[in-house]
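When reading the values below, keep in mind they use all heavy atoms of this one structure, side chains included, and skip hydrogens, waters and symmetry mates. Whatever order the structure lists ligands and atoms in, that order sets their numbers, starting from 1.
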Amino acid sequence: MSSDNRTYRNYINGAFVEANDYLEVRNPANGERLSRVPVSAGADVERALSAAHDAQPAWARLPAVERANYLRLLADRIRGEAKTLARVITEEQGKVSGLAEVEVNFTADYLDYMAEWARRIEGEIIESDRPGENIFLFRKPLGVVAGILPWNFPFFLIARKMAPALVTGNTVVIKPSEETPNNCFEFTRLLDQVGLPAGVFNVVSGDGASTGQALTASPLVDMISFTGSVDTGSRIMRSAADNITKVNLELGGKAPAIVLDDADIDLAVKAIRASRIINTGQVCNCAERVYVQRGVADEFADKIARAMADTTYGDPLAQPDIEMGPLINREGLDKVVAMVERATQDGAELLTGGRVADLGAGFHYQPTVLSGCRSDMEIMRREIFGPVLPIQIVDDLDEAVTLANDSDYGLTSSVYTRSLARAMHACREIDYGETYVNRENFEAMQGFHAGTRKSGIGGADGKHGLYEYTRSHVVYLET
Ligand code: NAD
């Protein structure tokens with residue numbers, strides 16, 4: 001499947017269509033050219049949005065269970081091609097094959113899960129002040145949803161946006177990241193085979209400045225569902241403001257992991273390491289900084305440095321058994337290099353790693369641990385998005401929670417302790433959208449993934465995530 005120089009086409013109104021301009025997609029592990037994909041201009045975006053707009057009323061009139069059946073058919077096709085799809089993800093994104101397969105199968109399960117909501121979408125009947133009056137609250141679709149995606153879990157995030165949108169009667173236009181569009185076109189190829197009505201699901205690829213901007217500025221969009229960085233989220237909010245378009249923003253994180261002196265240290269090391277090397281540290285919800293209590297600080301630092309140093313890495317397609325692939329691109333690698341350099345200049349001590357891994361080609365960085373960090377350092381405050389773990393020593397739980405909360409971000413957090421009372425105290429005081437106790441950071445599809453502060457507005461998954469894609473309509477009926 002690699003180096004065959006595929007050309008993908010936009011998917012608009014049920015057909016694959018040409019664009020005027022194309023960009024190249026390359027493998028971050030070795031620089032090899034993989035495909036050409038459209039850079040969609042404003043006119044392409046408008047065509048896709050018009051198709052979605054025109055298709056939406058008939059789609060919304062279908063019973064939800066019929067809408068959901070298309071998701072189930074798609075899930076079956078995805079499972080049938082899981083290995084091929086995983087390879088497409090690995091090629092363009094760089095995650096290891098095992099994780100890519102988890103992503104593909106999780107996506108199929110997610111489609112089935114959201115399909116199950118079809119018979120559970122519920123309104124309300126509200127008691128009235130007037131005799132003979134009924135008050136009904138209906139849940140209705142918003143209309144057209146623009147889904148704008150990042151590159152780190154590119155396949156799953158298509159489903160996270162389109163599945164709740166479609167089951168609740170919306171139509172969708174997706175823009176994949178310019179780094180990882182191939183898997184989105186493969187997803188679309190399978191969706192095209194299940195006979196979804198034309199215009200219900202559309203894909204326009206391209207960069208943020210042209211294609212993304214055109215999507216967010218259009219009055220045809222009723223909701224922008226965005227996952228990506230804080231800076232882009234902020235720009236999207238500004239663009240959406242002109243049309244008062246609803247935004248759902250899943251943004252960056254700087255997840256604190258708190259390790260207390262009564263914790264199972266081996267468990268904490270295992271979970272935090274897993275959390276830091278998964279997808280080469282490029283995950284919004286995974287441990288980005290550690291606050292360890294003084295009494296166990298040396299033991300923890302020693303063990304995690306050794307565990308991180310043991311991590312195997314390289315080109316995931318050439319070495320299928322490695323634990324970690326490359327970073328996504330040159331910019332991502334340069335950012336990690338510069339942040340580690342500044343941290344050591346500011347007084348952090350390098351326990352392991354700290355260098356670009358010279359494998360001949362690709363954007364590889366060594367698994368890295370920094371101790372002696374302070375809360376005023378950039379490395380403890382800014383999202384790293386790489387396999388680098390900074391550690392700060394604290395005296396007690398309250399200090400750890402205060403430092404954890406002193407952040408622009410508020411997505412996920414974790415606590416390691418054997419004490420139920422301390423765990424509950426931490427959960428009460430920590431100001432985050434999610435907290436994991438004694439386990440690695442990874443959310444469940446039936447939970448609700450949502451951040452506070454600059455980590456976003458609204459959320460995804462579960463009942464609450466489903467209802468993000470609906471609006472209310474209240475009817476007062478006197479008989
Ligand atoms: P990014 O913000 O650079 O890009 C995301 C998408 O936005 C891309 O498709 C890009 O083309 C598009 N875009 C860029 N500028 C735009 C504009 N002006 N208008 C419209 N669209 C525009 O993010 P990224 O580098 O792809 O992803 C990494 C970030 O995503 C990290 O910060 C990570 O924490 C975050 N993330 C968050 C979650 C979550 O659930 N909260 C999940 C995954 C990733």
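The backbone N or O of S35 sits nowhere less than 3.5 Å from a side-chain atom of R6 that would complete a donor-acceptor pair. Without hydrogens or angle criteria, N441 side chain to N285 main chain gives a donor-acceptor distance under 3.5 Å.
Taking every heavy atom of both residues into account, N243 and A217 meet most closely at ND2-O, 3.0 Å.
Defined by atom type and a distance below 3.5 Å, a donor-acceptor pair is present between the side-chain atoms of E92 and N183.
Salt-bridge annotation for E32 and R26: absent, with no side-chain N of the basic residue lying under 4.0 Å from a carboxylate O of the acidic one.
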Less than 3.5 Å apart, N/O on ligand 1 and N/O on the protein: could you list those pairs with the distances?
unit_1	atom_1	unit_2	atom_2	d
ligand 1	2 (O)	S229	N	2.9
ligand 1	2 (O)	S229	OG	2.7
ligand 1	2 (O)	T232	OG1	2.7
ligand 1	9 (O)	L149	O	2.7
ligand 1	9 (O)	K175	NZ	3.0
ligand 1	11 (O)	K175	NZ	2.8
ligand 1	11 (O)	E178	OE1	2.6
ligand 1	11 (O)	E178	OE2	3.4
ligand 1	11 (O)	G208	N	3.3
ligand 1	23 (O)	S229	N	3.4
ligand 1	25 (O)	W151	NE1	2.9
ligand 1	26 (O)	W151	NE1	3.2
ligand 1	30 (O)	G228	O	3.3
ligand 1	32 (O)	E383	OE1	2.7
ligand 1	34 (O)	E383	OE2	2.6
ligand 1	40 (O)	H449	NE2	2.9
ligand 1	41 (N)	L251	N	3.3
ligand 1	41 (N)	L251	O	2.7

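Geometric assessment of K161 against the ring of F156 yields a negative cation-pi assignment under the 6.0 Å and 45° thresholds.
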